Amino acid sequence: LKRFMSGPSADGGMTLTEFLEGFYDMMRFKPSIRKVIPMLACWSDLRADPLAQEVFLDAMSKDFNISMACLEFMVEACKPMAGKVIWHLLPLVPGGPSSIYRVGLLFQSLTEFATVHQKMLQFTGLNVENPTGFYELDLANCSDFAVAERMLLIDRWEAAIDAKLGRRDISCWGNMSHVRNEMYQNRALLGGVIKSVSEWQLPEQGSLSFDYVSNFRPSRHAQVLSPLLWETILVELY
């Protein structure tokens, strides 16, 4: 966070999307072209061993940044595993909603799309520019884990911005956090040894639920939707 705080983000000028993509670009492993080719060749060699392929995907699903081209190759190289490839690796692809849309075109059937969409509902429904809301996540689900990781990063980012700008601490525990009602495995997360979610190491299993209240609001220059347009959107959706 120190690198970002020394740039234009010091006054909150960076959007949350820009922060997350910049942070992951800096902190996650991005294989060079010399390593991508052997990695993809290894994936192709495993096509006859689904169990080994799942281990391969699990190993990549947390710490990598990969390109859309890389994901597309892995889907094409083993189409029976397309759903699992997308489920594990979509959170690693930069680009936000545009990447989600493009990946949606890679599914081999409507049934496969529906199955994976249900597993990734929390991830595909996450709007990092408006993160206020209630979250109930299964950390054993790699896409839910990605949501939890992003929300905890956003919380640390907003707390750092608040401290930088001298804003009042309105957190529940006096730690500048924007997270409320933290529950892990249906038990209160804070109040004992752990005094802040920023001190907590996110586990890879178990249930996590919390409320999040963001400081971010629409720009003063943002245009308000007209009542007619809003009604039209609602009619089209429902």
Side-chain angles (χ1 to χ4, degrees), residues 4 7-25 67-69 71-72 83 86-87 89-138 141 143-162 165 167-168 170-171 177-181 208-238:
F4 289 95
S9 56
D11 61 351
M14 181 181 287
T15 68
L16 293 176
T17 299
E18 291 170 341
F19 159 65
L20 286 175
E21 293 203 352
F23 184 87
Y24 285 137
D25 183 66
S67 66
M68 178 63 70
L71 189 148
E72 289 175 348
I86 294 170
W87 176 35
L89 303 187
L90 177 56
L92 311 183
V93 179
S98 61
S99 294
I100 293 173
Y101 173 77
R102 287 183 60 189
V103 167
L105 303 176
L106 301 177
F107 287 101
Q108 306 300 303
S109 68
L110 184 59
T111 301
E112 183 179 62
F113 168 78
T115 301
V116 176
H117 178 70
Q118 188 63 34
K119 292 179 180 178
M120 301 193 71
L121 206 55
Q122 294 282 358
F123 180 79
T124 56
L126 176 65
N127 179 3
V128 295
E129 295 302 332
N130 182 22
T132 296
F134 173 69
Y135 296 84
E136 190 169 12
L137 307 169
D138 175 12
N141 179 333
S143 60
D144 278 20
F145 182 92
V147 172
E149 184 181 61
R150 282 162 170 75
M151 291 307 302
L152 294 184
L153 280 171
I154 288 172
D155 180 52
R156 291 178 62 190
W157 173 242
E158 291 210 62
I161 292 293
D162 291 344
L165 298 181
R167 292 170 177 163
R168 289 191 177 185
I170 57 172
S171 63
S177 176
H178 292 253
V179 178
R180 308 284 189 270
N181 307 316
L208 174 67
S209 64
F210 57 89
D211 295 292
Y212 190 84
V213 182
S214 176
N215 275 341
F216 278 74
R217 299 292 185 270
S219 165
R220 68 181 66 180
H221 305 296
Q223 294 184 348
V224 179
L225 294 179
S226 68
L228 178 60
L229 178 57
W230 178 239
E231 284 188 24
T232 304
I233 292 173
L234 293 180
V235 169
E236 290 296 326
L237 287 175
Y238 299 103

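Just so it is clear, the model here is predicted, and its values are computed rather than measured. Numbering of residues begins at 1 and proceeds along the displayed sequence.
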*asked:* Between Asp211 and Arg180, is the salt bridge (charged side-chain N to carboxylate O under 4.0 Å, His left out) condition met? List the steps.
replied: CA-CA 5 Å; Asp211 295 292; Arg180 308 284 189 270; over 6 Å; no
_Once rounded to the nearest 0.5 Å, what's the spacing between atom CG of Leu229 and atom CD of Gln223?_
11.0 Å
*Rounded to the nearest 0.5 Å, how far does CD1 of Ile233 lie from CG of Leu228?*
10.0 Å
*Is any side-chain heavy atom of Leu126 less than 4.5 Å from a side-chain heavy atom of Met151?*
yes
*Residues which pass salt bridge (Lys or Arg N to Asp or Glu O under 4.0 Å) with Glu136, listed by chain and number, not counting sequence neighbours*: none
_Going by salt bridge (Lys or Arg N to Asp or Glu O under 4.0 Å), name the pairs with one or both residues in residues 108-123, residues two or more places apart or in two chains._
none
*Under the side chain to side chain donor-acceptor pair (under 3.5 Å) criterion, do Ser143 and Gln122 qualify, and how do the steps go?*
CA-CA 7 Å; Ser143 60; Gln122 294 282 358; over 6 Å; no
_Sidechain-backbone polar pair: Asp144 side chain, Asp138 backbone, donor-acceptor under 3.5 Å_ = yes
*Arg150 side chain reached by Phe145 side chain, heavy atoms, under 4.5 Å*: no
_Atom CZ of residue position Phe134 - does it have more than 12 heavy atoms of other residues, nucleotides or ligands inside 6.0 Å?_
yes
*Interatomic distance, Leu20 atom CG to Glu149 atom CD [nearest 0.5 angstrom]*: 9.0 Å
*Residues two or more places apart in sequence or in another chain: which of them pass side-chain contact (heavy atoms from CB on, under 4.5 Å) with Ser214?*
Pro131, Thr132, Glu158, Tyr212, Phe216
*Using 30° and 60° as the class limits, which term best fits the ring planes of Phe23 and Phe19: parallel, tilted or perpendicular?*
tilted
*asked:* With heavy-atom distances below 4.5 Å as the criterion, would you say the side chains of Val103 and Val93 are in contact?
replied: no
*Distance from Met120 atom CE to Thr115 atom OG1, nearest 0.5 Å?*
13.0 Å
*Can you sort out the partners of Ser67 under side-chain hydrogen bond (donor to acceptor under 3.5 Å, both in side chains), two or more places apart, ordered by chain and number?*
none
*Tell me, which pairs form a salt bridge (Lys or Arg N to Asp or Glu O under 4.0 Å) where one or both residues lie in residues 94-109, sequence neighbours left out?*
Glu72-Arg102
_Looking at Pro94, is its backbone amide N or carbonyl O close enough to the side chain of Ser99 to form a donor-acceptor pair, meaning the two atoms are under 3.5 Å apart?_
yes
*Which value, rounded to the nearest 0.5 Å, describes the distance between Glu236 atom CD and Leu234 atom CG?*
10.5 Å
*Are Leu106 and Ile86 close enough that some pair of their side-chain heavy atoms sits under 4.5 Å apart?*
yes
_Under the rule for side-chain hydrogen bond (donor to acceptor under 3.5 Å, both in side chains), what residues qualify as partners of Asp25, not counting sequence neighbours?_
none
_How long is the straight-line distance from CZ of Phe113 back to OG1 of Thr111, given to the nearest 0.5 Å?_
11.5 Å
*asked:* Whether the side chain of Asp155 engages the backbone of His178 through a donor-acceptor N/O pair (distance < 3.5 Å, no angle test) should be reported.
replied: yes
*Given side chains that start at C-beta, do those of Phe123 and Asn141 come closer than 4.5 Å, heavy atoms only?*
no
